[in-house]
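Notes follow the structure.
Please read all numbers here as calculations on a predicted model, not as lab measurements. In listed order, ligands and their atoms are each counted from 1. Positions are given from 1, in the same order as the sequence printed here.
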Amino acid sequence: MKVYKTLVGCMVGCVGIVGVAVAEDGPHDKAIKARQSMFQLYSYSMGILGGMAKGKIEYNADIAAEMASNLDAAANLGQSTFWPAGSDNSNAENATTRALPALWETYPAVVEKGDDLKTATAALAANAGNGLDALKSSMGDVGKSCKGCHDKFRAKKK
Ligand code: HEC
């Protein structure tokens with residue numbers, strides 16, 4: 001019985017391994033994954049802060065300050081290797097990405113959008129721990145800067 005289970009396990013497992021071996025990674029997949037992980041951090045922080053601002057999560061000054069400081073730190077990460085030429089969504093070799101070619105074609109317009117975010121997250125980091133109203137007053141600009149960049153440089157979800 002043990003042998004049988006092992007065999008079934010191997011059949012399932014081996015098919016998986018063959019599948020991975022066949023699907024070769026594209027040349028920019030690591031950079032794509034790195035930048036998407038950065039955005040996941042943005043999103044995680046904003047989820048908690050937004051939840052507090054909307055009253056869905058109880059306001060906690062320490063957590064709000066920590067989340068805003070994390071977001072500000074993430075917004076200030078060095079990104080010079082995150083966006084190699086050819087890592088846009090028109091290149092079929094790439095892992096799934098929603099980065100539009102416009103990001104490279106209109107460079108450095110995207111840098112301005114990144115700077116807008118940094119300005120907004122610095123204000124948020126200074127205010128988030130000073131009460132719910134202070135948090136709320138700084139959330140709008142952050143949200144606007146996320147959207148401002150996505151509207152221009154991120155493809156809509158399919
Ligand atoms: C300077 C431009 C810019 C700013 C500012 C920006 N984004 Fe993005 N965002 C992008 C681009 C481009 C992508 C697509 C990246 C890809 O798929 O390779 C993206 C993707 C994402 C994703 C999907 C990540 C994944 O796993 O595929 C999330 C979530 C996200 N952004 C959240 C945010 C939030 C929240 C903010 C604001 C706090 C923000 N972004 C600010 C440009 C920006």
Side-chain angles (χ1 to χ4, degrees), residues 16 19-20 22-158:
V20 170
V22 168
E24 272 192 32
D25 288 348
H28 306 304
D29 290 2
K30 283 185 178 157
I32 291 170
K33 212 177 274 178
R35 71 199 186 205
Q36 290 173 343
S37 306
M38 172 188 74
F39 289 125
Q40 287 298 328
L41 261 182
Y42 289 8
S43 176
Y44 177 73
S45 315
M46 283 297 276
I48 292 177
L49 293 165
M52 287 185 191
K54 287 178 192 148
K56 287 183 185 162
I57 301 173
E58 195 180 340
Y59 176 76
N60 175 306
D62 291 339
I63 301 283
E66 184 180 300
M67 282 299 133
S69 154
N70 283 358
L71 177 61
D72 187 45
N76 282 281
L77 284 176
Q79 298 184 35
S80 37
T81 67
F82 286 8
W83 305 92
S87 67
D88 59 80
N89 74 342
S90 72
N91 180 352
E93 284 186 333
N94 288 332
T96 305
T97 169
R98 288 160 69 196
L100 290 170
L103 196 150
W104 288 265
E105 287 160 4
T106 64
Y107 189 87
V110 69
V111 175
E112 278 170 43
K113 301 289 180 192
D115 288 344
D116 289 349
L117 177 66
K118 288 181 200 175
T119 304
T121 59
L124 181 70
N127 289 332
N130 298 335
L132 186 55
D133 286 340
L135 167 67
K136 280 186 187 169
S137 73
S138 305
M139 285 292 286
D141 284 348
V142 179
K144 265 185 222 156
S145 75
C146 308
K147 187 175 183 307
C149 195
H150 292 162
D151 285 351
K152 280 219 153 112
F153 300 118
R154 187 175 74 166
K156 301 231 155 33
K157 258 200 177 139
K158 279 180 196 158

**Report entry** Derivation and outcome, side chain to side chain contact (heavy atoms under 4.5 Å, CB included), residues Leu132 and Lys136
**Finding:** CA-CA 6 Å; Leu132 186 55; Lys136 280 186 187 169; 4.0 Å; yes
**Report entry** Other residues, nucleotides, ligands: >12 heavy atoms within 6.0 Å of Phe39 CZ
**Finding:** yes
Between ligand 1 and the protein, find all N/O pairs closer than 3.5 Å and give the distance for each.
unit_1: ligand 1; atom_1: 7 (N); unit_2: His150; atom_2: NE2; d: 2.8
unit_1: ligand 1; atom_1: 9 (N); unit_2: His150; atom_2: NE2; d: 3.0
unit_1: ligand 1; atom_1: 17 (O); unit_2: Gln36; atom_2: NE2; d: 2.9
unit_1: ligand 1; atom_1: 17 (O); unit_2: Thr97; atom_2: OG1; d: 3.3
unit_1: ligand 1; atom_1: 17 (O); unit_2: Arg98; atom_2: N; d: 2.8
unit_1: ligand 1; atom_1: 18 (O); unit_2: Arg35; atom_2: NE; d: 2.8
unit_1: ligand 1; atom_1: 18 (O); unit_2: Arg35; atom_2: NH2; d: 3.1
unit_1: ligand 1; atom_1: 18 (O); unit_2: Thr97; atom_2: OG1; d: 2.6
unit_1: ligand 1; atom_1: 26 (O); unit_2: Gln40; atom_2: NE2; d: 2.7
unit_1: ligand 1; atom_1: 31 (N); unit_2: His150; atom_2: NE2; d: 3.0
unit_1: ligand 1; atom_1: 31 (N); unit_2: Arg154; atom_2: NH1; d: 3.4
unit_1: ligand 1; atom_1: 40 (N); unit_2: His150; atom_2: NE2; d: 2.8

Query raised in the report: Would you say Lys118 has more than 12 foreign heavy atoms packed within less than 6.0 Å of its NZ?
Result: yes
Query raised in the report: Under a 4.5 Å cut-off applied to non-hydrogen side-chain atoms, are Leu135 and Leu49 in contact?
Result: yes
Report task. Please report the closest heavy-atom contact between Ser138 and Ala123, naming both atoms and the distance. Result -> OG-O, 3.9 Å
Report task. Would you mind reporting whether Tyr42 and Met38 have side-chain heavy atoms less than 4.5 Å apart? Result -> yes
